[in-house]
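One structure below.
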Amino acid sequence: MAVKKNPAQRVEQLREQIRFHNYRYYVLDDPQIPDAEYDRLWRELQSLEEAHPELISADSPTQRIGAEPLNAFGDVRHEVPMLSLDNAFDDGELSEFDRRVRERLELDEVEYTAEPKLDGLAVSLLYEHGILLRGATRGDGSTGEDITQNVRTIHSVPLRLIGDGYPARLEVRGEVIISHAGFQALNERAQQQGQKLFANPRNAAAGSLRQLDPRVTARRPLEMYCYGVGLAAGGKLPQRHSEILQRLRGWGLRVYSGIECVSALQACIDYYRKLEQQRESLPFDIDGVVFKVDRLDLQQQLGFVARAPRWAIARKFPAQEELTRVIGIDVQVGRTGAITPVARLEPVFVGGVTVTNATLHNEDEVRRKDVHIGDTVIVRRAGDVIPEVVSVMADRRPENARAFVMPTRCPVCDSDIEKVEGEVVARCTGGLYCEAQRKEAIRHFASRRAMDIEGLGEKLVEQLVEHKLIDDVAGLYDLDVESLAGLERMGEKSARNLIAALEKSKQTTLDRFLYSLGIREVGDATARSLARDFGDLGPLIDATEERLESIPDIGPVVAKHIVHFFQQPHNIEVIEKLRNARVSWPVTEKAAHQPLQGHTYVLTGSLSVMTRDEARHRLQQLGAKVSGSVSSKTTAVIAGEKPGSKLAKAESLGVAVLSEQDLLQLLEQ
Ligand code: IVH
């Protein structure tokens with residue numbers, strides 16, 4: 001039977017358990033218990049401490065956020081200076097470093113540890129008898145700022161070391177960072193709260209560590225990775241850097257798990273290349289690889305020059321962010337018609353290439369980042385990702401800077417640009433005609449649920465457009481065997497087959513045809529509703545938004561897309577060409593039967609057999625217009641129960657008034 005512990009014992013036991021689970025979670029990245037169980041331990045400790053405040057100690061896991069906001073940070077003198085690193089910008093400079101090291105040491109080969117150079121802020125943690133006493137920034141290397149109360153809020157910084165064998169005074173050094181995931185969450189939160197966004201994780205980490213109120217810092221997703229030791233007194237440390245890192249990990253400090261020992265230059269280069277490839281997929285930003293002579297006795301032999309050790313070097317990745325100037329803002333039309341503002345830049349070398357354009361994503365982004373033509377901006381190119389404008393250097397805006405104006409017409413095909421309310425992306429409405437959308441339009445036109453043109457795949461569409469054999473979907477029906485047979489991987493037999501498939505596709509149905517036009521948000525189901533409702537293309541082309549909205553499943557946005565599409569003269573031209581090529585479909589009776597064409601009705605009061613929406617829809621199907629207000633042009637007002645002022649208006653204008661019964665008869669006819 002378990003002996004019931006007194007509160008002091010239980011508190012100590014809980015703290016030890018929590019420390020251990022923190023270690024599993026933050027250092028080993030291998031939690032042993034579910035979050036809920038951890039929360040239970042935490043809450044038990046919290047309530048015991050509430051009941052027995054005399055048991056609270058500064059190193060209790062519950063005491064991460066304690067202190068009141070400061071007025072200013074105090075100074076910390078580093079007993080062992082915090083040095084910086086020399087840089088190598090290419091393999092040649094790395095090779096020079098290795099040669100110098102070997103020459104000085106008179107050795108043929110030297111072992112190095114290879115570790116990522118994390119892109120955050122250098123921080124020093126001082127532990128006395130295993131208890132975190134002080135946290136400090138690097139500052140100028142000899143004096144930094146006391147940020148103890150802020151580092152205490154970082155969960156991967158143990159308030160008390162675990163295990164044993166650590167020196168009585170141990171100063172651990174490392175980098176405080178914010179991960180990509182943490183950064184994203186932080187900016188999402190900032191956006192929701194209408195606050196200014198952080199430009200990158202490093203700035204976010206720096207800003208967070210500089211908070212005078214630790215409660216603010218505690219809400220920021222800071223993490224710390226350790227990479228070395230400064231002061232160590234009252235105890236022994238191993239004689240190799242790699243072994244010291246192992247030890248730190250054992251004491252509950254977080255150390256990056258991919259650190260390796262390499263010897264010989266080629267192995268260093270290989271590690272660098274490997275990390276460069278992993279760069280985009282790592283959970284945090286790194287800006288290079290640090291190589292350090294592994295043996296401490298050799299480090300000592302090599303010593304320092306100025307503020308950097310001779311035994312280490314940072315092989316830097318190409319910078320991912322640079323400053324340059326915006327010389328113009330154009331818009332680009334994507335293959336689906338999306339309009340993207342693009343900044344034209346003074347050429348700048350970033351992310352390993354010369355960049356002259358950077359995406360601004362959409363109009364809202366241009367406004368949010370407040371990018372003007374003439375501005376100096378930070379451009380980012382990470383990996384293979386399209387370069388983007390990150391932010392503007394507001395204080396460098398010249399007087400003649402100009403704001404961006406979103407064009408109203410497509411720069412490629414001159415059709416209207418449409419931006420539906422509530423959507424971020426503006427689009428070109430000339431889908432059938434626009435050169436930028438040509439390949440996509442043809443591919444969609446030929447697809448199975450559209451015109452179902454067998455043998456006309458993506459590759460062939462590319463060839464047809466690139467060899468300028470067709471300009472738009474109608475051009476497909478002008479193709480002949482001779483021109484097709486000249487294409488790569490296209491024999492006469494396949495050419496003949498394709499012509500036959502094209503011929504066959506001409507006999508289609510209205511819903512397939514509508515779907516094949518690629519009108520935004522008109523999928524095959526919507527196309528079927530439209531075909532069923534209108535029966536033929538003519539009435540659909542003339543339909544108003546109101547008429548379209550009367551169809552079940554068609555909302556205001558789709559209605560707008562349809563109207564805009566048919567308003568573009570170029571789209572109509574292409575449709576006419578298709579009809580001239582004898583693309584046809586059976587017309588259903590409904591379309592031919594429009595007896596109420598030219599009549600306008602107004603509905604008022606409530607109907608009993610059907611709703612007013614239904615009545616409106618049925619009238620429109622028969623070709624009538626349904627209006628919301630009575631005028632002398634109104635054919636008749638249809639009055640249900642409790643009619644409104646429209647009835648009186650009709651009577652005063654001498655407009656005919658029909659009952660619900662009359663309406664039913666009218667619809668029956
Ligand atoms: S060692 C004497 N290792 O880089 C060596 N620094 O340019 C001192 N850094 O201030 C630093 N990752 O903030 C070292 N694995 C790493 C590092 C690293 C990032 C930063 C650190 C330092 C700066 C020097």
Side-chain angles (χ1 to χ4, degrees), residues 76 78-89 93-94 97 101 112-125 135-145 147 151 154 156-157 171-179 200-203 205-206 208-210 222-232 237 240-242 244-246 248-249 253-262 268 271-272 274-276 278-279 282-296 298-317 319-320:
V76 170
H78 300 298
E79 286 178 52
V80 179
M82 288 182 82
L83 300 171
S84 69
L85 291 166
D86 276 341
N87 294 320
F89 291 100
E93 291 181 4
L94 182 63
F97 163 78
V101 166
Y112 300 101
T113 48
E115 42 194 276
K117 185 168 191 299
L118 281 80
D119 197 7
L121 289 105
V123 162
S124 139
L125 304 174
T137 63
R138 175 170 177 272
D140 64 6
S142 49
T143 308
E145 285 177 320
I147 51 161
V151 296
I154 304 173
S156 42
V157 171
E171 187 209 350
V172 181
R173 291 173 179 181
E175 200 83 348
V176 169
I177 57 136
I178 286 181
S179 71
N200 57 43
R202 189 182 182 284
N203 285 5
S208 304
L209 273 188
R210 226 176 281 126
L222 294 168
E223 299 177 34
M224 179 157 175
Y225 284 88
C226 301
Y227 54 64
V229 163
L231 181 82
L237 283 176
R240 276 179 182 270
H241 175 66
S242 52
I244 293 179
L245 294 182
Q246 291 283 6
L248 294 181
R249 192 179 280 138
L253 292 148
R254 191 176 199 180
V255 176
Y256 179 66
S257 57
I259 294 176
E260 286 178 24
C261 274
V262 290
C268 294
Y271 184 91
Y272 171 84
K274 184 172 80 181
L275 235 66
E276 195 180 28
Q278 291 176 356
R279 187 179 189 186
L282 289 180
F284 41 67
D285 279 351
I286 62 175
D287 55 357
V289 172
V290 185
F291 296 101
K292 298 173 186 164
V293 170
D294 198 36
R295 273 171 50 184
L296 297 201
L298 299 183
Q299 285 189 4
Q300 228 154 27
Q301 237 177 290
L302 288 163
F304 309 91
V305 257
R307 294 168 54 191
R310 283 206 194 89
W311 45 263
I313 193 137
R315 168 74 170 92
K316 298 274 281 207
F317 291 139
Q320 288 183 318

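Atoms within a ligand are numbered from 1 in the order they appear, just like the ligands themselves.
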Sorted by chain and number, sequence neighbours left out, ring pair (Phe, Tyr, Trp, His ring centres under 6.0 Å) with F97 holds for Y112

State whether the side chain of R295 and the backbone N or O of R240 hold a donor-acceptor pair below 3.5 Å, judged by distance alone.
no

Could you name the protein residues that come within less than 4.0 Å of ligand 1, counting only heavy atoms, and order them by chain and residue number?
L83, S84, L85, E115, P116, K117, L118, A122, R138, E175, Y227, V290, K292, P309, W311

How would you list, by chain and number, every residue that makes a ring pair (Phe, Tyr, Trp, His ring centres under 6.0 Å) with Y256, sequence neighbours excluded?
F284

Side-chain donor/acceptor of D294 to backbone N/O of S242, under 3.5 Å
yes

If the condition is side-chain hydrogen bond (donor to acceptor under 3.5 Å, both in side chains), which residues does T137 pass it with, not counting sequence neighbours?
none

Side chain R249, main chain R254, donor-acceptor under 3.5 Å
no

